[in-house]
Amino acid sequence: MKKKINILIITAILTLLALTSIQAYLIYNTYELKKKAFLNETSEAIGRIDDEVELVIETAEIWGQQFAELLWEYRFKDLEKEELINILRQDKDSLSKVFNRLYQDEVKKSNLGYEIQFKKNIYSIIILDSIANDTVFAFNEDNPIFILGDNFNEKEGYRVSQARFETDFTQADENGIERTFEFRVMTRDRMSIAAWKRIVLRRMAGLLAASALVFLFVMGLFYYSIKNLIKQKKVADVKTDFINNITHELKTPLATLSLASKSLKQKKILDSPKAFENTLGILDRQNSRLQKLIDQVMTNSLGSEELVLNKEQIVDNDYFKNRIDDFELSVQSQDLTIQRNIEPKEVMLRIDTFLFTTALFNILENAVKYGKESIEISINTKLMNNHYEIEISDNGIGIPAEKQKEIFEKFYRVASGNVHNVKGLGLGLYYAKQIIDSHGGSIEVKSDLDKGTTFTIIIPVI
Ligand code: ADP
């Protein structure tokens, strides 16, 4: 059964993990899709500015003119390649600013609702010549020439579009001779949206919340089912234990009864009145033991609310003195000392004496049952405000800390060490607690393994 539950738990955990991974994968995919859609949407909006807004186009054209003039200088004058690249890399101040301002105005107009940075880069410049092409700037993905816009970090951006164009340019030199050359340029437009993650996540908020809810719900269901399963297994175990215990408990008096009744038929017993009397005594004791066992099982099938109390007024000193005396008498052939420390003041208590004595005796009997060779019990009672406290301590085997909260449960028995040797049904403390609860009181246990146990009962004084 335990193995089955373990397999079930492991399977459930694995299934949950698989479900979580699938969900995570789906969420990631949706995230990627949403991101793509968002970037496309933004690219389109930007593309419109680039293609349709006259001022922007004009500024780009002015830049194009300056660029072509520079190339012309390089091609026909003594402008060095490095110098040309340097100028391109550095000289973009005023024009870039104008372009940037125009651009941002347009971005605002398109009401996107978030900020965009935009730039144009040159990736390659080649001067075309029928004899041999001259690569002025070779394709460079890592270190392009930034020309217009905001110079944000290259890695942060996304490509919006790219263009590759070939054109010619003609300009007259100082002698008035027109000189023409052809060139090919590759440019790419990039954008950067600082808040894109937040925007995409916000667009996914519904999905994320629903996923989290479903996940929590499945987790809750899983936790609840496993907890219930373990609880049911525990109940089943407890019931099996109880059946084993009761069978064992019933067997002994029944065997003794059958032996005793058989011996009553023997002549030597019939002839001796003393032996006859003895055997009858055995029959009587075993009979009442059986009766007590059955009573215990019967009464304990009721809950605490069903206990009907027959309360009477008693004086604490007399009550405890008499009951402790009775108990001491009932325990024979044991090395037992009971220390009494009863509240000196006379306190009137209203209790159902029969039931309360049963509860007391159950605790005291346990102190003997789970005691060592020499048993010491100490009973202390005291009045505290309007409560009466009864403390019963023993020097017995003690109860492991993790088992202490379970000992008041029906049929529960601590199953470890030498406790196995002691007879019981696991009902004594359960019944004691029911009785004390129905008196409006409480019972608590403190115990040190191998040192002893202390039960503290508190009942209200009315
Ligand atoms: P039972 O004695 O029939 O087993 P109880 O309900 O009286 O059932 O006690 C429940 C369990 O609590 C016992 O099986 C025992 O393991 C533990 N226990 C109770 N009283 C003591 C005690 N004084 N010292 C050590 N263990 C105790």
Side-chain angles (χ1 to χ4, degrees), residues 234-235 237-253 289-304 307 323-324 327-328 330-331 334-339 355-380 390-438 441-457:
K234 221 167 146 189
V235 171
D237 284 354
V238 160
K239 279 195 176 145
T240 320
D241 276 358
F242 170 69
I243 289 168
N244 291 341
N245 288 334
I246 190 107
T247 321
H248 177 77
E249 288 284 284
L250 290 174
K251 253 189 194 158
T252 331
R289 193 168 155 203
L290 273 179
Q291 189 63 49
K292 205 174 148 196
L293 268 174
I294 289 164
D295 281 352
Q296 216 185 1
V297 176
M298 295 292 286
T299 39
N300 282 298
S301 51
L302 305 173
S304 70
L307 274 180
R323 302 306 138 118
I324 298 168
F327 179 72
E328 241 174 343
S330 72
V331 183
Q334 298 264 11
D335 178 3
L336 169 72
T337 18
I338 301 185
Q339 266 189 25
L355 289 177
F356 204 81
T357 310
T358 311
L360 273 189
F361 273 36
N362 284 354
I363 295 167
L364 289 170
E365 275 163 10
N366 279 349
V368 176
K369 271 180 8 184
Y370 305 105
K372 296 179 184 154
E373 291 91 69
S374 162
I375 302 160
E376 281 170 30
I377 302 177
S378 112
I379 303 172
N380 300 300
I390 307 150
E391 206 180 72
I392 304 173
S393 308
D394 64 48
N395 62 339
I397 59 171
I399 305 164
E402 71 278 10
K403 307 277 164 73
Q404 285 174 20
K405 59 177 184 307
E406 305 201 63
I407 57 170
F408 297 105
E409 276 172 26
K410 213 183 219 179
F411 305 132
Y412 185 81
R413 305 199 71 212
V414 178
S416 67
N418 53 359
V419 182
H420 278 306
N421 312 329
V422 186
K423 288 178 195 164
L425 295 178
L427 287 173
L429 286 182
Y430 167 74
Y431 195 37
K433 185 168 160 49
Q434 302 299 305
I435 293 171
I436 290 154
D437 282 352
S438 60
S442 66
I443 177 166
E444 273 175 16
V445 65
K446 274 203 187 106
S447 186
D448 273 332
L449 210 56
D450 264 339
K451 288 198 182 122
T453 306
T454 300
F455 286 94
T456 311
I457 300 170

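Order of appearance sets the numbers: ligands from 1, and atoms from 1 within every ligand.
For atom 21 (C) of ligand 1, the candidate residues are Tyr431, Phe411, Tyr370; the nearest heavy-atom contact is made by Tyr370.
Ligand 1 has no nitrogen or oxygen under 3.5 angstrom from a nitrogen or oxygen of Phe455. Considering backbone and side-chain atoms together, Ile399 places no N or O closer than 3.5 Å to any N or O of ligand 1. Checking only distances, Gly424 never comes within under 3.5 Å of ligand 1, N or O to N or O. Between Gly426 and ligand 1, at least one N/O pair is under 3.5 Å apart.
The shortest separation from a heavy atom of Gly396 to ligand 1 is not under 4.0 Å, leaving the residue out of contact. For the ligand labelled ligand 1, residue Leu427 lies inside the 4.0 Å heavy-atom shell.
Residues Ile457 and Leu360 share a closest heavy-atom pair of CD1-CD2, 4.3 Å. Taking both residues in full, the closest heavy atoms of Thr454 and Glu391 are given as CG2-CG, 3.5 Å, listed atom of the first, atom of the second, then distance.
In this view, Lys234 and Glu406 satisfy the side chain to side chain donor-acceptor pair (under 3.5 Å) rule, not counting sequence neighbours. By the side chain to side chain contact (heavy atoms under 4.5 Å, CB included) test, Val445 is found to be paired with Ile399, Gln404, Ile407, Phe408, Thr453, Phe455, residues two or more places apart in sequence or in another chain being considered.
Using a 4.0 Å cut-off between heavy atoms, Thr453 contacts ligand 1 through its side chain alone, with no backbone atom that close. Residue contacts with ligand 1, taken as heavy atom pairs separated by less than 4.0 Å, involve Tyr412 solely via the backbone atoms N, CA, C and O. For Asp394, every heavy-atom contact with ligand 1 shorter than 4.0 Å involves the side chain, none the backbone. Contacts of Lys403 with ligand 1, taken as heavy-atom pairs under 4.0 Å, are absent altogether.
At least one donor-acceptor pair under 3.5 Å links the side chain of Lys372 to the backbone N or O of Asp450. A donor-acceptor pair under 3.5 Å is absent between the side-chain atoms of Ser374 and the main chain of Leu336, judged by distance alone.
Between Phe327 and Phe361, a ring centre-to-centre spacing shorter than 6.0 Å is recorded.
Residue Glu402 places its CD atom among more than 12 non-hydrogen atoms of other residues, nucleotides or ligands, all under 6.0 Å distant.
Set against the non-hydrogen atoms of Lys369, the atoms of ligand 1 under 4.0 Å away are 1 (P), 2 (O), 3 (O).
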